[in-house]
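I have placed the structure first, in the form of structure tokens, so that the comments after it can refer back to it.
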Amino acid sequence: MTRSLACVALVVRDYDEAIAWFRDKLDFILLEDVAQPEQAKRWVTMSPGTGEEGSALLLARAATPEQARFIGDQAGGRVFLFLRTDDFARDHARFQGRGVRFVRPPLEAPYGKVAVFEDLYGNRWDLVEFTDGRA
């Protein structure tokens, strides 16, 4: 049996502002942006990599006031998503230079180098370069 995680949904206020932020701040690639008029929404996926097969971020516009309450707080203030890099120093400097807000400074952990940043809505992410040999 072969299985993998295809997408993780991130509740956003607006598709276009989220696409622009992830593209311009974190170098994400837009994989799909398909209108779904029967549901009054779009299927928008982005990848932090080359666009090859792997997990993707699904930008899901809040459709109700209840969903909108969770924009920026999908994990109750905990780190929610983990962005793996092969060069921590490069990406940390690049993201800082683009105005990405880091809320915890870089540190060396037993598993690698890590710093916590917030996306445009306030969800917390780890930028992490694993140095312990994990794939």
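- In terms of hydrophobic clustering, with Ile, Leu, Val, Met, Phe, Trp and Tyr side chains grouped at heavy-atom distances under 4.5 Å, Met46 and Val34 are assigned to different clusters.
- Here the closest heavy-atom approach between residue Ala9 and residue Phe80 is recorded as O-CZ, 4.1 Å.
- For Arg69, there are no side chain to side chain donor-acceptor pair (under 3.5 Å) partners at least two apart in sequence or on another chain.
- Val79 forms part of a hydrophobic cluster together with Phe82, Val103, Val116, judged by ILVMFWY side-chain heavy-atom separations under 4.5 Å.
- Residues forming a salt bridge (Lys or Arg N to Asp or Glu O under 4.0 Å) with Glu118 (at least two apart in sequence, or on another chain): Arg101, Arg124.
- With sequence neighbours excluded, the residues that form a salt bridge (Lys or Arg N to Asp or Glu O under 4.0 Å) with Asp91 are Arg94.
- By the salt bridge (Lys or Arg N to Asp or Glu O under 4.0 Å) test, Arg104 is found to be paired with no residue, residues two or more places apart in sequence or in another chain being considered.
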Original post:
So Val100 and Trp21, side chain to side chain contact (heavy atoms under 4.5 Å, CB included) or not? Walk me through it.
Top reply: CA-CA 10 Å; Val100 173; Trp21 194 89; 4.2 Å; yes
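- Other cluster members for Met1: none, since no ILVMFWY side-chain heavy atom sits under 4.5 Å from it.
- Annotation: side-chain contact (heavy atoms from CB on, under 4.5 Å) contacts of Ala56 (sequence neighbours excluded): Cys7, Leu31, Thr45.
- When the side-chain contact (heavy atoms from CB on, under 4.5 Å) test is applied to Ile71, the partners found at least two apart in sequence or on another chain are Val11, Arg13, Ala62, Ala68, Tyr121.
- A donor-acceptor contact under 3.5 angstrom links the side chains of Glu32 and Trp43, judged on distance only.
- Sorted by first and then second residue, the ring-ring contact (aromatic ring centres under 6.0 Å, His included) pairs involving residues 56-79 (not counting sequence neighbours) form an empty list.
- Between Leu83 and Phe95, the closest side-chain pair of non-hydrogen atoms falls below 4.5 Å.
- Atom CD of Gln36 sits in a crowded spot, with more than 12 heavy atoms from other residues, nucleotides or ligands closer than 6.0 Å.
- Taking Val128 as the reference, Tyr111, Val114, Phe130 meet the side-chain contact (heavy atoms from CB on, under 4.5 Å) condition, with sequence neighbours excluded.
- You'll find the side chain of Phe22 reaches within 4.5 Å of the side chain of Leu59, heavy atoms only.
- Cluster annotation: Ile29 and Leu26 are assigned to distinct hydrophobic clusters (Ile/Leu/Val/Met/Phe/Trp/Tyr, side-chain heavy-atom contacts under 4.5 Å, transitive).
- Side chains of Tyr15 and Arg61 form a contact here, defined as non-hydrogen atoms less than 4.5 Å apart.
- For the atom pair CG (Asp24) and CG (Leu120), the distance works out to 11.0 Å, reported to the nearest 0.5 Å.
- No continuous path of ILVMFWY side-chain contacts below 4.5 Å connects Leu58 to Val12, so the two sit in separate hydrophobic clusters.
- Without hydrogens or angle criteria, Ser47 side chain to Gly49 main chain gives a donor-acceptor distance under 3.5 Å.
- Pairs engaging residues 34-46 under the salt bridge (charged side-chain N to carboxylate O under 4.0 Å, His left out) rule: Asp16-Arg42, Asp33-Arg42 [sequence neighbours left out].
- For Asp119, the side chain to side chain donor-acceptor pair (under 3.5 Å) partners two or more places apart in sequence, or in a different chain, are Asn123, Trp125.
- Note: His92 and Phe102 meet the aromatic proximity criterion, with ring centroids under 6.0 Å apart.
- Under a hydrophobic clustering in which Ile, Leu, Val, Met, Phe, Trp and Tyr are joined whenever their side-chain heavy atoms come within less than 4.5 Å, directly or via other members, Leu10 and Leu5 fall into the same cluster.
- Going from atom CG of Leu81 over to atom CG of Leu127 covers 12.5 Å, rounded to the nearest 0.5 Å.
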